[in-house]
Protein chains: 2
Amino acid sequence: MTNFIILTYIFLDTMQITLAGEYALRAMIFLSSQGVGVKCTIIDISKAKRIPEMFLRKIIPLLCKSGLIISKKGKSGGIFLARDPNKITPLDILEAVDGPIYLTKCINDKNFCQEVEWCSVHSIWNEILVEMRNKLSQKSIVQIAVESEKRKLLHINKLNS
Amino acid sequence: MTNFIILTYIFLDTMQITLAGEYALRAMIFLSSQGVGVKCTIIDISKAKRIPEMFLRKIIPLLCKSGLIISKKGKSGGIFLARDPNKITPLDILEAVDGPIYLTKCINDKNFCQEVEWCSVHSIWNEILVEMRNKLSQKSIVQIAVESEKRKLLHINKLNS
DNA sequence: GTTAATATGACAAATTTTATCATATTAACA
DNA sequence: TGTTAATATGATAAAATTTGTCATATTAAC
């Protein structure tokens, strides 16, 4: 007997960054701020980063499938980073959850636009996409976590002074 | 008696480029390829650019309200460009239809994210947005129409040779 | 007044996103 | 071996957004 597993849940044809993607970013930044190999539960993360728990439970397996985190079932189970977060970028995370990002039907759906070959708007969209993917993969989530922490302290100091 | 007119139709809080936006681009590029002041009907445009007529009828008024085109009702009415298409960019058109573009809830919804002040992901989104708006306003729709036409000819020549 | 065009508002359909729940699975440990 | 505490999965619901249609109103030319 053969089993066909159809993986369509959440991982759809998104043109945009979804909430799920943003939650995943938060979750991963949290994990990397905890340190490599430190195990957390989904509840920990959802509380710390204000992510609806049940929704996070749908997102976590996607991060597992992409090899960004490892999850352990069972008592004393949990979630931890699968690899060096210095080498994980926001792009990795967003694509794990939202699938390949793109911006318009135009550059993604061959049936939608019959002028792909020459239409000059396509080049603009493609350039934007390249630039977007660049920026989303320039910093690791560690850098982001560290920078954010610094700014947070500055911010708090400013409030107190 | 006071009338409150609520303008929410289509013009919503979009994070993405909608189909409506892409159709609007097509329509405007068509108009600019026809020449300034040349009147077209909605049916002309919908046929030429394969846009569902009734949907286009919802989009056209948005382009009017933004002052990109002028529409005339009545017999021998129609649509024509309101200003020099050399000074109209894709950004003008997309924002006329989709409203201000942005990418994530994160940088747009104060309630969604309480870490706006310091979170380093925000800066990335903002940079991407700036870059995106830049690219979408670098070329006029005339330039785009001309470039596309050139490429189209090249493409046809290649097929025939 | 007839005709031919756009405008508007109500609404319907489709799609996508967000969210929840019940159940299954897994592993530690007493 | 059973209990407990964690994640995984699949069904489904709810909400939001986008796409599309229709009937009616408005407008202007002739």
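Computed over heavy atoms, backbone and side chain alike; hydrogens, waters and symmetry mates excluded. Lettering follows sequence order; numbering is per chain, from 1.
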Gap between atoms CD1 and C1', on A/I60 and C/dT26 respectively (whole Å): 17 Å
Count the heavy atoms of every other residue, nucleotide or ligand shown that sit under 6.0 Å from NZ of A/K72, and state whether that count exceeds 12. no
Output for pair (A/L94 CG, A/I101 CD1), nearest 0.5 Å, gives 6.5 Å
Measure from the side chain of A/M54, starting at C-beta and using heavy atoms only, and say which of D/dT19, C/dC21, D/dT9 lies closest. C/dC21
Closest nucleotide among D/dG20, C/dT18, D/dT19 to the B/L19 side chain: D/dT19
Could you state the interatomic distance from CD1 (B/I124) to CE (A/M132), rounded to the nearest 0.5 Å? 11.5 Å
Please give, in whole Å, the distance from C/dA19 P to A/R50 CZ? 14 Å
Calculate the interatomic distance between B/F80 atom CZ and C/dT6 atom P; express it in whole Å. 12 Å
Kindly compute the distance separating CG (B/L91) from NZ (B/K139), expressed to the nearest 0.5 Å. 15.0 Å
For C/dT17 and A/Y23 - does any side-chain N or O of the residue sit under 4.0 Å from the phosphate oxygens OP1/OP2? no
Scan nucleotides 1-6 of chain D nucleotide by nucleotide, 5' to 3', and note B when protein non-hydrogen atoms come under 4.0 Å of the base, S if they reach only the sugar-phosphate, - if neither. ---BBB
Quick one: the dot-bracket string of DNA chain D, using Watson-Crick and G-U wobble pairs with both distances under 3.5 Å, [ ] for crossing pairs and | for bases paired to another strand. ||||||||||||||||||||||||||||||
Taking only residues two or more places apart in sequence, or in another chain, which ones meet B/T89 in a side chain to side chain donor-acceptor pair (under 3.5 Å)? B/D92
Calculate the interatomic distance between A/L94 atom CG and C/dT17 atom P; express it in whole Å. 14 Å
Spacing of B/E53 atom CD relative to D/dA23 atom C1', expressed in whole Å: 14 Å
What is the separation between atom CD1 on A/I59 and atom C1' on D/dA8, rounded to the nearest whole Å? 14 Å
Which residues in residues 30-38 of chain A have a heavy atom closer than 4.0 Å to any atom of DNA chain D? none
The side chain of B/P61 lies closest to which of these nucleotides: D/dA8, C/dT8, C/dT18? C/dT8
How many angstroms lie between CD in A/E131 and CG in A/L129, if you round to the nearest 0.5 Å? 10.5 Å
Please report, rounded to the nearest Å, how far the P atom of C/dT6 is from the NZ atom of B/K65. 15 Å
Below the 4.0 Å mark, does D/dT17 have OP1 or OP2 next to a side-chain nitrogen or oxygen of B/T18? no
In Å and rounded to the nearest 0.5 Å, what is the CZ to NE2 distance from A/R151 to A/H155? 11.5 Å
State which residue, out of A/E149, A/E147, A/K152, fulfils the side chain to side chain donor-acceptor pair (under 3.5 Å) condition with B/S120. A/E147
Side-chain N or O of B/K58 closer than 4.0 Å to phosphate OP1/OP2 of D/dC22: no
Distance-only donor-acceptor hits, side chain of residues 40-57 of chain A, under 3.5 Å, sequence neighbours excluded:
| residue | atom | partner | partner atom | Å |
| --- | --- | --- | --- | --- |
| A/T41 | OG1 | A/I43 | N | 3.4 |
| A/T41 | OG1 | A/D44 | N | 3.0 |
| A/T41 | OG1 | A/D44 | OD1 | 3.3 |
| A/T41 | OG1 | A/D44 | OD2 | 3.3 |
| A/D44 | OD2 | A/T41 | N | 2.9 |
| A/S46 | OG | A/I43 | O | 3.2 |
| A/R50 | NE | B/Q114 | OE1 | 3.0 |
| A/E53 | OE2 | A/R57 | NE | 3.0 |
| A/E53 | OE2 | A/R57 | NH2 | 2.8 |

In whole angstrom, give the distance that lies between atom CZ of A/F55 and atom P of D/dA16. 14 Å
Mind checking the CD1-CG spacing from A/I93 to A/L62? Nearest 0.5 Å is all I need. 13.0 Å
Under 3.5 Å, which donor-acceptor pairs link side chains of residues 28-35 of chain B to any protein atom two or more places apart or in another chain?
| residue | atom | partner | partner atom | Å |
| --- | --- | --- | --- | --- |
| B/S32 | OG | B/I29 | O | 3.2 |
| B/S33 | OG | B/F30 | O | 2.7 |

